Student: 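Before anything else, here's the structure in question.
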Amino acid sequence: MGIPVDAVEFFAELELNNDRAWWTANQDRWKRVVRDPMRRLCDELAEEFGDATIFRPYRDVRFSANKAPYKTHQGAVVLTSDGVGFYVQVSALGLLTGGGWYRSSPEQVAAYREAVLDDDSGKQLAAIAAVLESADVPLVGEQLKTAPRGIDPGHPRIQLLRHRTLLASVEHGIPDWLESDEATERIAEQWRTYRPLMAWLDTHLVSNPQR
């Protein structure tokens, strides 16, 4: 069994009713159509990819102008190194899969740029990016609007050098296999396409010493 389509409907309704009263009335539904199916899916993926962390539904609103208490998506991540992992999410937009570097430290950013500037490792990453993009897998993430300080704006890998995080991400919408047993293999297949990027990141990023 995959993810019920009602999970998508749940988040569409939550976006319109993001308050404690609605959540309390629908919490059992969340457990049934979101939390429990996501747990089963992650358990099925664990043999190949490792154990996942399923994120809590509550937002940290302490330092946010948006005081809505609940996340309007359910995500899970399988970490491969600090700030790098495989990702799956369901929301009002449907299913999303991703993989890559989603949380950075200054040490990681410095190590990343050094590796991209290096002719060997930089060309390896550029080749990985080209393969992903040819497979309609866009590369996203936080990036500078201009070249990093001290780096030639005309550098052949300047697009990669602007990144402070780097992820492959695909929006699947609501595919006809979402609710079926096929969902596990479809997600696993997508995660496999992210593996070369993950391996590069795991090799070239330093760990965050403050974690």
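Note that the numbering runs from 1 along the sequence shown for the chain. Just so you know, these numbers come straight off a predicted model, no measurement behind them.
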Student: CZ of Arg186 to CG of Asp181: how many Å apart, nearest 0.5 Å?
Tutor: 13.0 Å
Student: Can you spot which of Val137, Leu201, Leu167 makes a side-chain contact (heavy atoms from CB on, under 4.5 Å) with Tyr194?
Tutor: Val137
Student: Honestly curious: do Leu117 and Leu144 fall in one hydrophobic cluster under the side-chain, below-4.5 Å linking rule?
Tutor: no
Student: So Gln190 and His172, do their side chains get closer than 4.5 Å, heavy atoms only?
Tutor: yes
Student: By side-chain contact (heavy atoms from CB on, under 4.5 Å), which residues pair with Val131, not counting sequence neighbours?
Tutor: none
Student: Do Val90 and His73 come close enough that some side-chain heavy atom pair is under 4.5 Å?
Tutor: no
Student: Is the closest side-chain heavy-atom distance between Thr165 and Gln143 below 4.5 Å?
Tutor: no
Student: Provide the closest heavy-atom pair for Arg157 versus Asp118 in the form atom of the first, atom of the second, distance.
Tutor: NH2-O, 3.5 Å
Student: Would you say Leu93 ends up clustered with Val34 if hydrophobic residues are merged whenever their side chains have heavy atoms under 4.5 Å apart, either directly or through other cluster members?
Tutor: no
Student: Kindly compute the distance separating CD (Glu142) from CZ (Arg164), expressed to the nearest 0.5 Å.
Tutor: 5.5 Å
Student: For the pair Ser64 (side chain) and Val61 (backbone), establish whether a donor and an acceptor sit closer than 3.5 Å, ignoring hydrogens and angles.
Tutor: no
Student: Is the Tyr87-Trp191 ring centre distance short of 6.0 angstrom?
Tutor: no
Student: Supply the atom-to-atom distance Gln159 CD to Leu139 CG, rounded to the nearest 0.5 angstrom.
Tutor: 11.0 Å
Student: Which donor-acceptor pairs under 3.5 Å do side chains of residues 8-19 form with protein atoms, sequence neighbours excluded?
Tutor:
from, atom 1, to, atom 2, distance (Å)
Glu13, OE1, Arg29, NH1, 2.9
Glu13, OE2, Arg29, NH2, 3.3
Asn17, ND2, Glu13, O, 2.8
Asn18, OD1, Tyr70, N, 3.1
Asn18, ND2, Tyr70, O, 2.9
Asp19, OD1, Ala21, N, 3.2
Asp19, OD1, Trp22, N, 2.8

Student: Please identify which of these residues, Arg40, Glu44, Glu189, meets the side chain to side chain donor-acceptor pair (under 3.5 Å) condition with Thr184.
Tutor: Glu44
Student: Could you check whether any side-chain N or O of Trp101 sits under 3.5 Å from a backbone N or O of Gly141, counting only pairs where one atom can act as donor and the other as acceptor?
Tutor: no
Student: Could you check whether Ser104 and Tyr112, counting side-chain N and O atoms only, form a donor-acceptor pair closer than 3.5 Å?
Tutor: no
Student: Kindly say whether Val84 contributes a backbone atom to a donor-acceptor pair with the side chain of Ser81 at under 3.5 angstrom?
Tutor: no
Student: Of all heavy-atom pairs between Asn66 and Arg59, which one has the smallest distance, and what is that distance?
Tutor: O-NH1, 2.9 Å
Student: Calculate, to the nearest 0.5 Å, the distance between atoms CD and OG1 belonging to Gln124 and Thr203 respectively.
Tutor: 8.5 Å
Student: Mind listing the closest non-hydrogen atom pair of Cys42 and Ala76 along with its distance?
Tutor: SG-CB, 3.6 Å
Student: Roughly how far, to the nearest 0.5 Å, is the CD atom of Gln89 from the NZ atom of Lys71?
Tutor: 10.0 Å
Student: What closest approach, in Å, do Ile3 and Val33 show between heavy atoms, and which atom pair accounts for it?
Tutor: CG2-O, 4.4 Å
Student: Flag the pair Leu79 / Tyr102 as yes when at least one side-chain heavy-atom distance between them is below 4.5 Å, and no otherwise.
Tutor: yes
Student: Please give me the minimum heavy-atom distance between Leu197 and Ala168, naming the atom from each residue.
Tutor: CD2-N, 3.8 Å
Student: Heavy-atom distance under 4.5 Å between the side chains of Trp177 and Glu185, does that happen here?
Tutor: no
Student: Which pairs of donor and acceptor atoms, one on a side chain in residues 46-58, lie under 3.5 Å apart (sequence neighbours left out)?
Tutor:
from, atom 1, to, atom 2, distance (Å)
Glu48, OE1, Arg192, NH2, 2.9
Glu48, OE2, Arg192, NE, 2.9
Glu48, OE2, Arg195, NH1, 3.1
Glu48, OE2, Arg195, NH2, 3.3

Student: Start with the C-alpha gap between Phe86 and Thr97, add the side-chain angles, then the distance that decides, and say whether side chain to side chain contact (heavy atoms under 4.5 Å, CB included) holds.
Tutor: CA-CA 8 Å; Phe86 295 102; Thr97 60; over 6 Å; no
Student: Look at the side-chain heavy atoms of Ile, Leu, Val, Met, Phe, Trp and Tyr, link any pair under 4.5 Å apart, and say whether Ile187 and Val5 land in one connected group.
Tutor: yes
Student: Using 0.5 Å steps for rounding, measure from the CD1 atom of Ile128 to the CG atom of Leu166.
Tutor: 9.5 Å
Student: Answer whether the closest heavy-atom distance between the side chains of Ile158 and Pro148 falls below 4.5 Å.
Tutor: yes
Student: Please find the pair of heavy atoms, one from Gly173 and one from Pro175, that lie closest to each other, and give the distance.
Tutor: O-CD, 3.2 Å
Student: For a 4.5 angstrom cut-off between non-hydrogen side-chain atoms, does Leu96 reach Val88?
Tutor: no
